[in-house]
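Note sheet for the following structure.
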Amino acid sequence: MSKPLIKAISRRQFLHGASLATASTFSWSVGLRGQIHTAPSERITLGFIGLGMMGRGHLAWFLKYPDVQVLAVCDVDRWRRENAQQMVLEAYAAERRSGTYRGCEAYNDLRQLLAREDIDAVVIATGDNWHAVATVLAAEAGKDIYCEKPISLTIHEARAMVQAVRRYGRVFQTGLQQRSAPEFGLACQLVRQGALGKVKNVYVNFPGTSSDVDLPAEPVPEGLDWDLWLGPAPWRPFNSQFHHYGPPKHVVPWHFCRDFGGGNLTSNAVHAFDVVQWALDMDESGPVEVIPPETGEVPYLTYRYATGTILEVLPKLDPRHHDIPPDWDVNTTIQPFGALYVGEDGWIHVGRQGFLQAYPPGLIESYLARYDHSQAVGNHHRNWLDAIRTRRRPVADVASGCRSTIVSHLGCIAHWIGRKLRWDPQKEQFINDDEANRLRRRAMRPPWQV
């Protein structure tokens with residue numbers, strides 16, 4: 001097997017961004033704050049909603065932009081919002097001394113933050129159960145939006161988010177960062193241009209969904225607004241497996257519970273589904289059938305597109321179930337957050353940290369000499385900021401994010417019901433299956449709704 005050909009940022013580097021001394025790892029298209037002077041009146045003003053591991057990572061990096069001013073942070077966990085507020089105060093220490101500092105307020109309730117007219121845009125990094133409500137409220141308040149993946153907890157919520165963003169003319173970027181990573185862009189471009197011929201199979205990693213759980217009640221930590229943490233989700237007693245008060249220990253600790261997430265399919269595989277949708281030119285469509293292993297018909301969760309392309313979710317190719325592509329090592333794990341595209345004329349395997357392989361090798365070698373190796377996933381933030389100024393749609397717009405997230409939801413619903421489902425991607429309805437269609441949406445606890 002050939003070695004990876006491109007180097008880019010890792011997820012770990014992103015999550016530890018607050019501790020890095022320079023921005024060189026992320027290859028930003030602008031320098032650190034202070035290297036380029038932007039008048040406070042010309043900066044994009046931001047508010048942050050949700051300050052767990054991903055929210056803190058985003059905050060640390062946005063604080064480096066000279067054309068951004070963070071004015072507010074919000075979290076129902078007092079330690080997290082106060083810690084985030086302190087991060088902002090320290091980042092703007094020089095401006096505090098010069099008298100140009102505009103302040104940073106800390107809020108428990110996102111509605112207070114959204115009511116501020118001096119905030120241009122918000123970064124939403126809450127749990128999945130809050131994404132839709134927070135996005136719709138932000139759009140109604142006239143804010144542009146960066147929202148973590150998956151964009152929604154249900155299919156209905158995903159479509160409601162698209163409608164709200166379009167109705168209020170907002171710029172929305174979802175945190176599917178591969179859309180800004182050069183190795184993914186090249187791989188998807190080659191697939192779309194027919195470099196592999198007809199794509200027969202696509203393989204991605206991170207199988208598994210969430211389930212109903214019944215955890216015992218524990219005392220709610222002082223400083224945590226548990227009712228607001230739940231928000232539109234069904235009420236259930238606090239348990240520390242859902243939320244660790246204070247410094248976050250995990251990215252999505254709650255995703256094993258169906259009330260809050262869809263497990264691996266929505267937390268992790270959604271990244272891969274997005275690059276599959278992108279490469280197959282399905283940003284306005286999706287698969288037409290999904291078959292879970294519970295049926296006994298397939299060993300792994302399997303999707304079929306109308307073009308005949310089959311998508312499977314599995315860690316490795318299995319010679320018992322798959323035709324092994326030429327020059328493929330069966331011990332190779334499918335790249336996390338990436339995909340293996342297998343066509344009539346070869347294959348491309350792409351993943352994070354610059355991983356890019358192909359068969360035949362010449363499939364990509366001819367592109368590398370004129371390929372910009374210096375870009376990285378960090379361009380995702382810059383793309384959103386530029387889109388806010390130009391009012392153009394960013395690379396991971398709400399519509400494509402909706403379609404990719406729906407692929408995750410289809411898999412979850414198929415697992416939960418345990419049978420083959422047919423899907424109409426234009427009507428966004430299951431065909432002749434009332435039970436499955438009911439699972440496209442969930443009731444929300446008042447007063448929250450979308």
Side-chain angles (χ1 to χ4, degrees), residues 1-6 178-179 181-207 264-265 268-283 285-293 297-368 403-404 407-408 410-411:
M1 297 290 289
S2 57
K3 294 181 179 180
L5 297 168
I6 302 168
Q178 278 79 209
R179 296 271 175 156
E183 64 271 25
F184 285 93
L186 176 59
C188 292
Q189 176 187 356
L190 291 172
V191 173
R192 285 197 307 273
Q193 291 177 345
L196 302 179
K198 178 178 173 56
V199 179
K200 300 183 296 182
N201 300 91
V202 185
Y203 304 100
V204 301
N205 205 337
F206 282 116
N264 266 339
L265 286 177
N268 297 307
V270 67
H271 282 294
F273 290 145
D274 186 57
V275 297
V276 172
Q277 289 278 111
W278 188 17
L280 299 182
D281 200 20
M282 288 286 168
D283 278 346
S285 186
V288 296
E289 188 175 68
V290 55
I291 310 170
E297 297 181 40
V298 293
Y300 311 102
L301 180 64
T302 300
Y303 299 82
R304 181 178 63 83
Y305 286 83
T307 58
T309 300
I310 300 297
L311 166 63
E312 291 184 67
V313 186
L314 74 172
K316 297 181 180 180
L317 298 191
D318 187 337
R320 296 172 299 173
H321 304 295
H322 303 107
D323 293 327
I324 305 302
D327 199 35
W328 179 263
D329 183 349
V330 294
N331 294 314
T332 301
T333 299
I334 305 299
Q335 280 288 302
F337 316 113
L340 167 63
Y341 307 94
V342 180
E344 297 172 328
D345 302 327
W347 53 263
I348 294 175
H349 189 196
V350 63
R352 284 187 175 180
Q353 302 180 52
F355 187 97
L356 186 62
Q357 297 179 338
Y359 178 85
L363 201 62
I364 53 177
E365 287 176 354
S366 62
Y367 289 85
L368 296 180
R403 292 288 189 174
S404 298
V407 177
S408 294
L410 297 180

Are T307 and L280 packed together at the side-chain level, in the sense that at least one heavy-atom pair is separated by less than 4.5 angstrom?
no
A side-chain contact here means heavy atoms from C-beta on lying under 4.5 Å apart; do Y305 and V202 qualify? no
Before you tell me yes or no, could you show the steps for Y359 and H349 under side chain to side chain contact (heavy atoms under 4.5 Å, CB included), namely the whole-Å CA-CA distance, both residues' side-chain angles and the distance that decides it to 0.1 Å?
CA-CA 9 Å; Y359 178 85; H349 189 196; over 6 Å; no
L265 vs L301, test: side chain to side chain contact (heavy atoms under 4.5 Å, CB included). Steps then yes/no. CA-CA 10 Å; L265 286 177; L301 180 64; 3.8 Å; yes
Only one of L311, V407, L314 passes side-chain contact (heavy atoms from CB on, under 4.5 Å) with V204, and that residue is L311
If you measure from [atom1] on [X] to [atom2] on [Y], what distance do you get to the nearest 0.5 Å?
X: I324; Y: D318; atom1: CD1; atom2: CG; value: 7.5 Å
X: L340; Y: L317; atom1: CG; atom2: CG; value: 6.0 Å
X: E183; Y: Q335; atom1: CD; atom2: CD; value: 10.0 Å
X: L356; Y: I348; atom1: CG; atom2: CD1; value: 7.0 Å
X: T302; Y: E297; atom1: OG1; atom2: CD; value: 9.5 Å
X: D274; Y: D283; atom1: CG; atom2: CG; value: 7.0 Å

For the student: nearest non-hydrogen atoms of [X] and [Y], plus distance:
X: L363; Y: A195; result: CD1-O, 3.6 Å
X: C188; Y: A279; result: SG-CB, 3.8 Å
X: R179; Y: S404; result: NH2-OG, 4.3 Å
X: V330; Y: P319; result: CG1-CG, 3.9 Å
X: P315; Y: N205; result: CA-OD1, 3.5 Å
X: R403; Y: Q277; result: CB-NE2, 3.8 Å

Exactly one of F184, F355, F206 clears ring pair (Phe, Tyr, Trp, His ring centres under 6.0 Å) with F337, and that residue is F206
ask   = Between Y300 and H322, how do the two ring planes meet: parallel, tilted or perpendicular, split at 30° and 60°?
value = parallel
For this session: Measure the acute angle between the ring planes of F273 and Y303, then classify it against the limits of 30° and 60° as parallel, tilted or perpendicular.
Result: perpendicular
- Message: Set out, in order, the CA-CA distance, both residues' side-chain angles and the distance that settles side chain to side chain contact (heavy atoms under 4.5 Å, CB included) for T309 and Y341, then state yes or no.
- Response: CA-CA 10 Å; T309 300; Y341 307 94; over 6 Å; no
Checking Q178 against H271 for the side chain to side chain donor-acceptor pair (under 3.5 Å) test, could you report, in this order, the C-alpha distance in whole Å, the side-chain angles of both residues, the deciding distance, and whether it holds?
CA-CA 7 Å; Q178 278 79 209; H271 282 294; 3.1 Å; yes
Exercise for review: Answer yes or no: is there a donor N or O on one side and an acceptor on the other, between the side chain of W278 and the main chain of G185, under 3.5 Å?
Suggested key: no
Candidate pair I310 and K200, rule side chain to side chain contact (heavy atoms under 4.5 Å, CB included), full reasoning = CA-CA 6 Å; I310 300 297; K200 300 183 296 182; over 6 Å; no
